[in-house]
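Proteins get letters first, then strands, A, B, ... in listed order; numbering begins at 1 in each.
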Amino acid sequence: MNRNITPYILKRTADDTTPRKLSIDYAAALNPQQLAAVTAGDGPSLVIAGAGSGKTRTLVYRVAYLIDSGIDPSHILLLTFTRKSAQEMLDRAGELIGSRSERVCGGTFHSVANMLLRRYGRTIGVEPGFTILDRGDAEDLIALVRSQLGLNEKDKRFPRKGTIAEIFSKAENTLRSLDDILLEEFSHFADHLDALGQLQRGYQAAKRQRQLADYDDLLVLLRRLLTEDPHAQESISSLYRYILVDEYQDTNRLQADVIRKLASTHQNVTVVGDDSQSIYAFRGATFKNIMEFPALFPGATIYKLEENYRSTQPILNLANCIIEEAAEKYSKRLFTRKLDGPLPTLAEAAGENAQSRFVAQKILELREEGVPLGEVAVLFRSSFHSFDLEIELSRRGLPFVKRGGVKFIETAHVKDLLAHLRVVANPLDAVSWHRVLMLVEGVGPKKAQDLLASLVKSDAPYRVLRDVGGRSGQGLKNLAHTLESLAGSADLGTAEQVNHIYEYYLPILKEQYDDYPKRTRDLDHLHTIAEGYAEVGQFLADLALEPPDGSAVDVEAPDRDDERMVLSTIHSAKGLEWQCVFVIWIVDGKFPSLYSFVADEDLEEERRLFYVAVTRAKRHLYLTYPINVFDKSSGMLLSKPTRFLDHVSPAMFEQLALIEEGGHSDWRRYRDDSY
DNA sequence: TAGCGTTTACTTTTT
DNA sequence: GTAAACGCTA
């Protein structure tokens with residue numbers, strides 16, 4: 001095949017229907033391996049797609065091909081890692097075959113499960129109006145149940161709520177028992193096995209009674225629906241006759257089982273993934289899903305995409321070197337036709353701020369050379385690694401967006417406001433009630449508990465609030481009045497409802513936080529988002545399933561994505577690419593993180609993470625690390641670059657030594673604490 | 001028992 | 001630097 005000939009696709013218009021005859025020249029647009037995967041017949045298939053090998057392109061063309069060959073688009077289900085990537089793929093498919101692609105069902109496992117449960121869940125006791133708990137809500141409910149069960153005895157070390165949530169979640173996602181998880185991965189809490197079992201049952205009962213579902217429940221309940229209700233199973237499985245799954249290496253056992261059940265009547269499953277890019281083990285994902293796919297779906301055809309269209313050879317050489325040391329993988333070796341390009345750069349900086357200034361300065365240079373800001377990304381292991389850089393970039397007026405890290409939806413004030421909306425939508429929602437009540441002056445844990453008990457039983461919860469006297473009487477009357485005005489007028493739009501609560505909540509906000517002006521801006525942002533929704537339930541579900549990232553600061557900047565660079569955790573950079581990529585904090589102890597030193601498989605995951613970071617770059621790759629940084633948590637002085645470069649030949653890099661202008665050898669002048 | 005000041009032990013990645 | 005648990009006071 002001659003790569004110098006660029007295919008030019010003549011688009012089909014929507015009304016131009018010529019069935020049987022394919023409208024796209026697939027052979028011209030795809031390489032032979034991609035073509036084989038795209039035009040595969042019915043039955044299961046596994047596509048092993050190396051980094052940058054046209055994985056997305058293959059999925060997009062597969063969707064187009066299915067529709068092109070006469071499949072009703074509404075019978076296709078596209079499962080992706082984020083809803084945004086599903087939307088992008090369907091848009092691209094739309095460019096190929098026209099508006100028919102809009103009828104394809106696409107989204108994350110969680111969003112599809114949410115939709116199916118609201119439609120079919122009644123038979124297994126799931127009411128369509130259920131509320132989705134995010135991680136924080138789930139932790140709050142666990143804490144609530146724990147105190148109700150009297151499990152917060154102080155004598156022994158009991159895991160904290162976040163850890164408990166993690167343990168429960170892992171058990172669900174890996175289809176293993178609580179005891180198993182506890183003994184193998186949290187053995188230091190083995191003493192509390194019975195208590196945790198009791199707590200888990202209590203937590204599950206509480207969710208059930210109050211129509212609450214955490215993220216895991218969405219998948220667990222869908223799986224139960226498919227198992228226990230043959231009628232629903234039959235309808236759903238025959239509705240989605242073609243199932244496509246992206247990023248299969250990051251699915252867990254639970255998700256794999258859901259796919260198997262969804263496909264039970266037809267086995268038309270196409271999964272795409274790369275075992276070398278599996279980076280979500282902490283969430284229960286296992287690259288073994290990819291390894292075992294052929295066993296789970298007998299007769300599966302395997303396709304391998306090994307030609308890389310993204311990066312230059314020097315970058316690929318480094319990537320291949322890093323992953324070569326990996327313990328277990330499908331063997332594949334990436335190659336490219338882009339032979340020439342600059343060597344990756346490895347730069348050692350005297351401290352964190354020197355690293356930040358290097359990155360900023362280099363970005364300015366690159367812009368001079370014609371690399372637009374939108375083609376630049378800075379990646380890091382943990383979201384706080386970019387704090388110093390953010391300050392440096394702001395100082396120099398370099399605009400950026402940050403991906404990953406704390407979502408504005410998780411901030412206390414936003415959760416407070418939403419809690420009011422949620423108790424109106426679902427009066428059984430104990431978590432939100434608790435939150436709302438605790439905000440009232442004169443109400444503490446005890447009173448909140450008591451009120452909660454009578455509220456849930458009562459048909460007229462607002463009357464209960466009104467009839468309370470004493471110190472908290474007036475506050476509760478105000479609350480009752482506000483909530484009632486929302487519940488009373490069903491025709492009130494979502495944005496108006498947010499406004500009503502805002503008026504009630506503002507005095508509380510001012511009382512609680514000195515920095516309330518900043519926080520009110522977040523609430524304004526929330527109001528703006530709410531304007532796009534006619535229905536409150538949809539608004540709440542969407543916020544939980546796809547929290548908008550970024551803070552109020554980003555919202556105010558003009559939305560010119562091409563003018564801004566991206567700062568992102570490596571996890572959030574999955575599937576993306578840029579001309580120029582910086583990976584910062586490549587210092588042993590931060591990356592790989594100290595936590596991963598204990599278990600080999602954790603270290604392997606960090607290696608894959610590094611591989612993902614490196615393979616995001618098309619042409620320019622800069623790896624930087626500060627030297628002699630003191631790590632407070634371990635008391636160690638970190639001073640050597642990541643161990644993943646230990647076996648990489650120095651010839652593969654250009655190494656830079658950063659020197660201060662004017663020959664300062666005293667870099668302490670510039671250290672972060674001097675600002 | 002609500003509310004606040006003090007102590008102590010952690011501190012990643014996300015649907 | 002922060003979140004949760006503890007302990008004191010009104």
Side-chain angles (χ1 to χ4, degrees), chain A residues 79-86 107-114 132-136 138-140 143 146-147 152-155 157-166 169-170 172-173 213-219 247 250-252 254-255 278-285 379-385 387 403-407 409-410 412 437-450 470-472 475 511-512 541-547 549 568-574 585 589-596 602 605-606 608-610 612-613 631-635 673:
Chain A
L79 293 169
T80 57
F81 214 69
T82 64
R83 287 162 98 195
K84 198 168 146 233
S85 71
T108 60
F109 279 88
H110 292 88
S111 68
V112 169
N114 173 55
I132 300 172
L133 303 178
D134 68 20
R135 180 55 183 268
E139 289 177 9
D140 290 347
R146 183 177 61 181
S147 71
N152 46 351
E153 309 296 314
K154 55 183 173 177
D155 48 335
R157 276 180 199 278
F158 204 71
R160 33 161 88 194
K161 60 181 183 178
T163 313
I164 302 172
E166 197 183 327
S169 179
K170 202 130 198 207
E172 300 286 14
N173 282 300
D214 63 24
Y215 288 136
D216 304 330
D217 287 330
L218 293 175
L219 302 176
E247 309 282 8
D250 286 319
T251 57
N252 56 43
L254 176 56
Q255 289 166 321
S278 171
I279 54 175
Y280 278 86
F282 68 92
R283 207 167 97 179
L379 308 181
F380 31 86
R381 170 71 249 255
S382 312
S383 127
F384 68 88
H385 288 165
F387 287 170
R403 297 246 177 87
V406 183
K407 308 257 170 35
I409 201 80
E410 287 159 5
L437 292 172
M438 288 289 281
L439 288 170
V440 176
E441 173 116 38
V443 178
K446 182 67 171 66
K447 185 138 227 171
Q449 283 284 348
D450 292 349
R471 211 143 67 80
S472 53
E511 181 63 32
Q512 292 220 320
D542 273 12
L543 280 182
L545 289 170
E546 185 114 48
D549 48 14
S568 174
T569 58
I570 300 171
H571 283 91
S572 300
K574 193 163 80 146
W585 275 111
K590 291 274 186 199
F591 195 1
S593 123
L594 286 164
Y595 307 104
S596 63
D602 291 350
E605 174 131 328
E606 297 277 306
R608 294 191 295 265
L609 199 54
F610 190 41
V612 169
D631 185 75
K632 281 177 224 152
S633 59
S634 62
D673 48 11

Between A:A544 and A:A448, which has a closest nucleotide on DNA chain B that is more 5'?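 Result of the comparison: A:A448.
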Start at the 5' end of DNA chain B and walk down; is the nucleotide closest to A:F81 or to A:V440 reached first? A:V440
What integer distance in Å separates [X]:[atom1] from [N]:[atom2]?
X	N	atom1	atom2	value
A:F380	B:dT13	CZ	P	10 Å
A:L543	B:dT15	CG	P	14 Å
A:D542	B:dT15	CG	C1'	13 Å
A:D140	C:dA3	CG	C1'	13 Å
A:F384	B:dT12	CZ	P	7 Å
A:L79	B:dT15	CG	P	16 Å
A:K590	B:dT12	NZ	P	10 Å
A:L609	B:dT14	CG	P	10 Å

Could you give the distance from NZ (A:K447) to OG (A:S472), rounded to the nearest 0.5 Å? 3.5 Å
Remember a base hit wins even if backbone is also touched, and classify [X] as base, sugar-phosphate or nothing at under 4.0 Å, heavy atoms.
X	value
A:G442	sugar-phosphate
A:S382	sugar-phosphate
A:F109	nothing
A:S383	sugar-phosphate

Measure the distance between the ring centre of A:F282 and the centre of the six-membered base ring of B:dT12, then answer whether it is under 5.5 Å with planes under 30°.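 No, A:F282 does not stack on the base of B:dT12.
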OP1, OP2 of [N] versus side-chain N and O of [X]: anything below 4.0 Å?
X	N	answer
A:T82	B:dT15	no
A:K447	B:dT1	no
A:R160	B:dT11	no
A:S572	B:dT14	yes

Would you indicate which nucleotide in [options] comes nearest to any side-chain atom of [X]?
X	options	answer
A:R381	B:dT15, B:dT14, B:dT12	B:dT12
A:T569	B:dT15, B:dA2, B:dT13	B:dT13
A:R283	B:dT15, B:dT13, B:dA2	B:dT15
A:E441	B:dT1, B:dT14, B:dG3	B:dG3

Salt-bridge criterion met for A:R83 and A:D542 (N-O under 4.0 Å): yes
N-O pairing of A:E139 and A:R135 below 4.0 Å: yes
Checking base pairs now: Watson-Crick or wobble, both atom distances under 3.5 Å. What partners C:dC8? B:dG3
Parallel, tilted or perpendicular, judged at 30° and 60°: which one describes the rings of A:H385 and A:W585?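 If you compare the ring of A:H385 with that of A:W585, the planes turn out tilted.
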Between B:dT12 and C:dA5, how far is it from one C1' atom to the other, in whole Å?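 Those two atoms are separated by 24 Å.
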Count the heavy atoms belonging to other residues, nucleotides or ligands that lie under 6.0 Å from CD of A:E441, then report whether that count exceeds 12.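 Atom CD in A:E441 is not crowded, with 12 or fewer foreign heavy atoms closer than 6.0 Å.
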Donor-acceptor check, side chain of A:Q255 to backbone of A:N252, threshold 3.5 angstrom: yes or no?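 Side chain of A:Q255 to backbone of A:N252, a donor-acceptor pair under 3.5 Å: yes, one is there.
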